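Treat the numbers as computed from the prediction; the structure is a model and nothing was measured. The chains referred to below are lettered A, B, ... by the order of the sequence lines, with proteins before strands, and numbering in each begins at 1.
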Amino acid sequence: MARTSSFEPYLVDHLLRRAGFGCSLEEQRYFRKQGFDASLDELLNPEEVKNDKLEELLETTSFDFTDLGDLKRWWLYRMMFTRRPLEEKLCLFWHGHFATSNAGKVNNPYLMYQQNQRLRELGMGRFENLLLAVSKDPAMIIWLDNKDNRKGKPNENYAREIMELFTLGIGNYSENDIKEAARAFTGWTAPNGFYFNKKQHDFGEKSFLSEKGKFDGTDIVRILAARKETASFLARKLIKFFCMDKPEDAFVERVQNAYLKNSEQNIKAMLKEIFSSNEFKSEKSYHAKVKSPAEFVVGTMKALQVTKLDADLPSVMARMGQNLFEPPSVKGWDGGMSWIATDTLMERFNFAHRISMQKFDTKEGYINPEVLASQFSAASMSDMVDYFLSRLVDKDLPHGARRKLVEYALMGKDGAKLSGVPDPKTLDMKIRGLIHLIMTLPSYQLA
Amino acid sequence: MKLKRRNFLLSSGALLSASLSAEFLLSLSGSKKAALASGAPEQKILVLVQLSGGNDGLNSVVPYSNPAYLKLRPSIGIKPEQVLKINDKVGLNPHLAAFETLFKENKLSIIQGVGYPNPNRSHFRSIEIWQTAEPKKIKETGWLGRYIDLCRGGRKQDANVFPAINVDPILPKTLSAEHVVVPSISELDRFTFKTASEADRKFQLEAFQSIYEKYPLERPYVEELRRIGLDTTKASDRFAKLAAQSKSVHKYPNSKFGKQLQFIATLINGGVDCPVYNLSLSGFDTHTNEQNPHGKLLQTLSEGIGAFMQDLAQSNMDQNVLIMTFSEFGRRVAENGGRGTDHGTAAPVFLIGSGLKGGLVGEHPSLTDLDDGDLKHQIDFRCVYASILDRWFGADSQEVLGDKFDKLDLFKKT
């Protein structure tokens, strides 16, 4: 049995942070009641969970998918309100894996939308199907120049990246394999949807990774998806995204074997292996990753029951370093400490300020300290501090830091110590200030 | 510059200084004095200005006496009487009056006909080539990113020492590095730690500061997060103070570009230890009715840089600062049917600084010996980079650029 030690009460919260984007109070209650195993089971089988509330909301909000800003907001709505968090989180993983940017060449948000839907639909199934769909995806064909890949005049960009970044990883193929794969993908173009241009296709024989044949793109995809190196490459990347940054080889091997089992290439089986592993339930992975901007922003709003998504949230995330539909390069986002620099951390601090301070005529949808405070019975300010620490950082912080937060909470306007629960106005100010401070803690930057 | 005086820790000086190292306090008095005190050479600074969209070189530095010029550009060509003449062959666009002044003071070097072999005419790809200094294949790091990586090897980032500062909203590939993350600080207000009500502010800041002073939690990344968190708030505080003290009276153009330059001048004059700044001016993709908008852009460029140089000269920092402009490509020699120009190739690079020899560098490309209607480049852009890396920064350009390039004779002997 895994050593679940200190964070055992928060095991389900840990799961929801990684397999989703954190949880609202309602989701926390629901999943905690089910327990870890049943929760994981539900997360892994999104097709069995009704998502009609989200679909209804998306329909009434009416997004224009030819508008990049709308597209970004649409995805944020999905992350926020889906009942299938792992489906959405995995979609974000694939977006970073098959990193395509609207900026520069594609410049067509609707194509980005279609690609995003493909990643969502096929993300948890057989990898070969996903890889084939991506290879035929118009945004990808434009992004990695396969539209310019013609018989006799090959463009090798896609052939290189499909091996280096999508399947085998660098060092597991030769320059000749790239040339031959490029020949196989000739004529795969996308003038208006995917189109196989026979005139531009090289029907000749290719020799690719020690196999020979009159291969086309479908064959290359089939061969690549079946390779052990692909299983290993994907296993490591999935573990790094969902579990821990520096996995041991034995762990990678187990996840890789889940992929290779019966040649099923089953992504869901890999995810199950990861989330049900002892490693996932251990201190080695608990609070051991830096939150991505998506996790930081969406998770905060869920936790604080903020349901209004301001139109500029995608820009806030972009300033934190994660611009949806515009990853920085074909390599996607590096994660880890690359999320943290002076400017991006300041952006996090100021998002904490903004979300905790938002005050409007209508309280509907924004943070409401009164409501938050009424959800538990606090006899004192230190109870209040503990409640928010539990809700926001699983109480995983140094004792000294907790003490300082209590001191802060007890400090009245004039520096006099507050006793008991203060008047509503002071309480409102203190709760907001407290939430702001907790969100700036190093602990809160961890997923 | 618009500034909120309620800035982080401004009201809690005692608390702040308790956390500062002696080194930090020393350097607060300006890197110049700090450098003198420690005997180290003064920091050389590069300010990189990206002219986005493809600047029309022929209408910037005009070959006015060449009959082919007006023949190929009958409607958008600049008439000889309007040109600010440099010699009997070329002159500056009339909107570059501030550059003319700098040229006369030997503070402007114009490198003519800069480009690279087999030029690419896509904005996206060609700017990437200039940014990465790699025309043959896609490279993930930028030339200055690699330089920063080199000079920082293993050195920890702290608030006082910035590897580079990008003043644009988006980090260009130029500054993309392997080991160092370059901050983008486009607005001072955004780089300010905001807090709630005035009444509570002091207590909130004290809590933040004391929590970040010591955060003994044994989890990965916690120590780095704590350190960068402290650095961030210190830097923010320092920038705010510099901006508050700044008494810039120089006339910067009232535009984003002018404000960006003013912000950079404030940091440089305030002694912030940072060798590279990046900013951009966009709108140069002038396919139609080019003359008027292009002239305005050049005016913004030259007046902004003119004011910047005066600002720096006042604090004697101009000797240590070099400005370089570049664009992804020039335009085609002949104008198109819409009184504009299409994507071309070689164009001039402007270098500005008091450490320069000044003057024209290289020959203007021929207007008749063309490559499919485009200018043939005279000087490879990597020669310019190599000259700056070797002779301005004292670095090893071969290590940064991956190859050896001829150096240009640009700088005064010191």
Ring centres under 6.0 Å, that's the criterion: do A:His436 and B:Phe208 meet it?
no
Please tell me if the side chains of [X] and [Y] come closer than 4.5 Å, counting only heavy atoms from C-beta onward.
X	Y	result
A:Lys404	B:Glu206	no
B:Asp231	A:Leu345	no
A:Asp396	B:Arg219	yes
B:Tyr221	A:Asp245	yes
A:Lys430	B:Asp200	yes

Engaged part of [X] at the chain B interface, taking heavy atoms whose separation is under 4.5 Å:
X	value
A:Leu446	side chain
A:Lys284	neither
A:Arg319	side chain
A:Glu347	side chain
A:Asn157	neither
A:Lys246	neither
A:Ser356	neither

Nearest 0.5 Å please: distance from the [atom1] atom of [X] over to the [atom2] atom of [Y].
X	Y	atom1	atom2	value
B:Thr195	A:Phe349	OG1	CZ	13.5 Å
A:Thr342	B:Ile165	OG1	CD1	8.0 Å
B:Thr192	A:Asn350	OG1	CG	7.5 Å
A:Met337	B:Leu225	CE	CG	5.0 Å
A:Lys105	B:Arg125	NZ	CZ	8.5 Å
B:Leu171	A:Asp343	CG	CG	8.5 Å

Name the region of B:Glu140, side chain, backbone, both or neither, that has any atom closer than 4.5 Å to a heavy atom of chain A.
side chain
So, B:Tyr212 and A:Thr440: side-chain donor and acceptor under 3.5 Å apart, yes or no?
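No, A:Thr440 and B:Tyr212 have no side-chain donor paired with an acceptor closer than 3.5 Å.
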Specify which of A:Ala103, A:Ala288, A:Gly412 makes the most heavy-atom pairs with chain B at under 4.5 Å.
A:Ala288
Which one, B:Pro216, B:Ser176, B:Ala207, leads in non-hydrogen pairs under 4.5 Å with chain A?
B:Pro216
Looking at B:Tyr215 and A:Ala401, what are the two nearest heavy atoms and their distance?
CE1-CB, 3.8 Å
Of all heavy-atom pairs between B:Phe124 and A:Trp143, which one has the smallest distance, and what is that distance?
CZ-CZ3, 4.4 Å
Counting heavy atoms not belonging to A:Asp423, are there more than 12 under 6.0 Å from its CG?
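Buried by this count: over 12 neighbours within 6.0 Å.
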